[in-house]
Asks: 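Quick one: this structure, given as structure tokens, is what I'll be asking you about.
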Amino acid sequence: MLSIKFIRENIDIVKKAIKDKNEKTDINNLLELDKKKRELQFEFDTLRAEQNSVSKKIPELKKEKKDVSEILIKMQNISKKIKEVSRELSDTAQKLENELLKIPNVPNKDVPIGDESANAFVREWGEKKHFTFQPKDYLDLSEINDLLEIKRVVKISASGFVGYRNKGALLERALINFMLDFHIQKHGYTEVALPILVNRKTMTGTGQLPKLEEDMYLIEQDDLFLIPTAEVSVTNLHADEIISEKSIPKKYVSYSSCFRREAGSYGKDTKGLQRVHQFNKVEMVRFVKPNDSYEALEEMLVDAEDILKSLGLHYRVVTLASGDLSFASAKTYDIEVWAPGSNKYLEVSSISNFEDFQARRAYIRFRDEGGKVKFVHTLNGSGLATPRTFIAIIETCQNEDGSITFPEVLKPYLERLKV
RNA sequence: GGAGACGUGUCCGAGUGGCUUAAGGAGCACGCUUGGAAAGCGUGUAUGCGGGUAACUGCAUCUAGGGUUCAAAUCCCUACGUCUCCGCCA
């Protein structure tokens with residue numbers, strides 16, 4: 001979230017950010033609550049100060065055998081008043097907090113204003129592969145090579161879920177291991193494996209709640225949510241902590257299943273692997289000092305690109321425009337990989353700088369050189385999501401007879417079973 | 001799931017209603033001492049919201065929320081967490 005101080009002093013910037021991000025939050029109510037809260041806080045502090053000082057004198061007066069009954073009656077009233085003010089104060093503070101959680105992050109100044117069509121091209125690597133034959137799409141290739149479980153999975157679960165089988169399952173598992181090893185060995189990340197069920201506080205910390213509750217799977221019995229990305233559990237790992245200056249920056253990589261209800265996106269890419277309720281993803285998360293976060297964003301983008309390069313997949317990078325930017329993000333790059341059989345670019349990675357937006361919510365701070373406590377900046381990026389990477393690989397690596405020649409870098413992960 | 005014990009600052013740990021502005025210790029930082037270090041001695045050592053140019057200063061926070069009281073780390077209730085024993089499962 002944004003600090004109330006920042007909002008108070010930059011009303012226009014905040015209003016513009018809300019508009020540019022296509023949000024509808026009204027901040028006037030918030031500003032009123034802020035004013036009311038500060039007035040109540042002042043009243044509460046004043047009353048408490050009196051209560052504290054008088055209460056301190058009571059035992060002394062008693063010792064001197066003085067009559068305190070009159071004071072006690074007076075204090076009863078103050079006590080009652082304090083309780084009233086305190087109730088109103090915490091009520092107002094709670095309302096203010098709820099409003100604050102609904103204010104989106106402010107886009108960085110480099111972010112183009114507009115909807116998806118304003119996304120800005122950054123660079124590309126490789127080129128669209130040229131085939132001497134008509135390339136098949138991944139659904140056909142999966143059929144030929146026995147790679148996916150589609151119909152049966154709907155039977156055992158629900159529509160929107162898919163499964164892998166045979167070499168498809170092996171390829172997916174190989175991808176996960178390859179990507180994890182790559183980030184650990186070549187990019188210096190530390191692996192963490194964390195729960196995929198998390199509580200409400202955690203979901204709020206990274207900004208999924210309260211806005212996106214509809215998009216989340218909820219285990220009502222225990223009030224636990226299935227994570228939509230490992231970003232949630234990894235970023236919140238250091239919630240409520242003051243990280244020592246020495247142990248920052250922190251670079252984590254984590255693989256997890258991700259769960260998305262995709263409420264409201266029915267009818268879009270419903271077939272196959274492109275948009276699914278459950279998928280696996282390797283995620284990178286960084287905690288850095290404020291001044292380093294944009295440099296870290298560029299590094300993470302390269303970290304994700306390195307995976308695609310080593311797999312030999314053509315891709316392009318875009319900067320998301322304000323309207324396409326997520327609620328919590330200040331700046332996001334998307335990487336889109338080329339899928340020649342499907343004849344389109346598929347989004348395989350989002351790399352975002354949240355600045356201190358998540359750190360404020362999750363209360364993640366560090367102590368700087370001068371001993372001052374400040375909020376960290378958090379970043380994350382997919383490195384990468386498996387389903388669409390899977391599509392790009394088998395479509396790019398297909399032969400005319402429908403067989404697939406897997407990328408060299410995956411061989412160590414595949415060859416022990418002679419795939 | 002049943003029974004019990006417990007939750008205090010960076011850590012250990014005292015604290016059963018007002019003498020706690022949380023004792024004492026460890027750690028850490030700085031200073032003195034030293035040729036240098038150790039020991040010793042001294043000083044400092046939370047966070048948030050306010051007020052003040054500043055020195056300072058008001059309020060809150062002893063897991064969280066509620067209650068009792070003029071006054072709560074301390075008493076009561078609830079939740080969460082930790083530990084021990086039992087049950088169940090692997």
Side-chain angles (χ1 to χ4, degrees), chain A residues 1-9 30-101 194-195 197-205 209 218-225 233 236-248 250 287 289-290 356-376:
Chain A
M1 64 185 154
L2 302 173
S3 88
I4 183 64
K5 240 186 221 164
F6 176 85
I7 297 175
R8 215 184 282 147
E9 290 161 11
L30 180 141
L31 293 169
E32 255 167 58
L33 284 167
D34 172 46
K35 189 163 165 254
K36 188 174 170 197
K37 188 201 146 188
R38 284 186 293 160
E39 283 165 8
L40 287 165
Q41 182 75 55
F42 179 79
E43 196 182 350
F44 177 81
D45 284 0
T46 310
L47 285 166
R48 263 297 209 199
E50 186 181 354
Q51 187 184 54
N52 286 344
S53 74
V54 175
S55 284
K56 213 170 282 176
K57 281 182 209 140
I58 288 176
E60 290 167 35
L61 293 171
K62 276 188 178 168
K63 216 178 268 175
E64 292 164 26
K65 305 264 190 230
K66 285 185 177 149
D67 180 23
V68 293
S69 55
E70 219 169 286
I71 298 174
L72 290 190
I73 288 168
K74 207 178 131 205
M75 293 304 285
Q76 267 176 25
N77 289 325
I78 288 186
S79 177
K80 211 183 278 173
K81 181 82 185 155
I82 285 175
K83 235 163 244 179
E84 279 166 30
V85 174
S86 148
R87 202 163 298 153
E88 205 179 341
L89 175 62
S90 62
D91 186 54
T92 308
Q94 187 60 56
K95 279 184 187 154
L96 178 64
E97 174 81 5
N98 290 345
E99 287 300 312
L100 272 174
L101 289 173
L194 304 173
L197 282 171
V198 300
N199 57 32
R200 214 166 259 282
K201 177 174 176 286
T202 296
M203 276 295 188
T204 308
L209 291 182
L218 169 63
I219 313 288
E220 275 183 54
Q221 203 171 7
D222 298 293
D223 205 33
L224 292 173
F225 293 85
S233 21
N236 282 283
L237 197 55
H238 291 290
D240 302 318
E241 290 184 16
I242 298 177
I243 303 170
S244 79
E245 201 242 328
K246 282 170 245 145
S247 61
I248 205 171
K250 286 182 181 295
F287 300 80
K289 292 184 195 171
D356 63 5
F357 189 84
Q358 293 181 326
R360 273 179 202 283
R361 291 177 160 241
Y363 220 49
I364 310 166
R365 296 165 298 166
F366 77 104
R367 207 176 286 280
D368 74 5
E369 296 84 344
K372 258 192 93 178
V373 173
K374 292 178 175 161
F375 287 104
V376 300

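The structure presented is a predicted model; accordingly, all values stated were derived computationally and were not measured. Chain A is the first sequence line, chain B the second, and so forth, proteins listed ahead of strands; every chain is numbered from 1.
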Asks: B:rU61 and B:rG9: how far apart are their P atoms, nearest whole angstrom?
Replies: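 That atom pair is separated by 15 Å.
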Asks: Counting Watson-Crick and G-U wobble pairs only, both distances under 3.5 Å, name the nucleotide matched with B:rG42, or none.
Replies: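 B:rC30 is the nucleotide pairing with B:rG42.
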Asks: Set out, line by line, the N/O atom pairs under 3.5 Å between protein and nucleotides 75-83 of chain B.
Replies:
none

Asks: When both hydrogen-bonding distances must be under 3.5 Å and the geometry is Watson-Crick or G-U wobble, what is B:rU82 paired with, if anything?
Replies: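 Matched B:rU82 with B:rA5 under the 3.5 Å cut-off.
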Asks: For A:I242 and for A:K56, locate the closest nucleotide of RNA chain B by heavy-atom distance; then report the residue assigned to the nucleotide nearer the 5' terminus.
Replies: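 Residue closer to the 5' terminus by nearest nucleotide: A:K56.
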Asks: Specify the separation, in whole Å, of atom OH of A:Y363 and atom P of B:rU63.
Replies: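 In whole Å, B:rU63 P and A:Y363 OH are 17 Å from each other.
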Asks: Suppose you measure atom C1' in B:rC89 against the same atom in B:rG17; what distance do you get, rounded to whole Å?
Replies: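 Approximately 47 Å lies between the C1' atom of B:rC89 and that of B:rG17.
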Asks: Near RNA chain B, which residues from residues 40-48 of chain A have a heavy atom under 4.0 Å away?
Replies: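 Heavy-atom contacts with RNA chain B come from A:F44, A:D45, A:R48.
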Asks: I'd like the C1' distance from B:rG24 over to B:rU45, given in whole Å.
Replies: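 Rounded to whole Å, the distance is 16 Å.
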Asks: Using only side-chain N and O atoms of A:N52, determine if any of them is under 4.0 Å from OP1 or OP2 of B:rC59.
Replies: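 Answer is yes, contact under 4.0 Å.
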Asks: If you measure from the Lys or Arg side-chain nitrogens to the Asp or Glu carboxylate oxygens, is any gap between A:K289 and A:D368 under 4.0 Å?
Replies: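 No.
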Asks: With no hydrogens and no angle check, is any side-chain donor or acceptor of A:R367 less than 3.5 Å from a backbone partner on A:I242?
Replies: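 Not at all, since once roles are kept as given, no pair shorter than 3.5 Å links the two residues.
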Asks: Pick the P atom in B:rA73 and in B:rU63, then give their distance to the nearest Å.
Replies: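 B:rA73 and B:rU63 have their P atoms separated by 10 Å.
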Asks: Report the residue (A:K5 or A:R365) whose heavy-atom-nearest nucleotide on RNA chain B is the more 5′ of the two.
Replies: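 Closer to the 5' end of RNA chain B: A:R365.
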Asks: Mind checking the P distance from B:rC19 to B:rC59? Whole angstroms is fine.
Replies: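 Result for the P pair: 15 Å, nearest Å.
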Asks: What protein N or O atoms touch nucleotides 66-70 of chain B N or O atoms at under 3.5 angstrom, if any, and at what distances?
Replies:
residue	atom	partner	partner atom	Å
B:rG67	OP1	A:R87	NH2	3.2
B:rU68	OP2	A:K83	NZ	2.9
B:rC70	OP1	A:Q76	NE2	3.0

Asks: Quote, to the nearest angstrom, the P distance that separates B:rU78 from B:rA5.
Replies: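 Those two atoms are separated by 14 Å.
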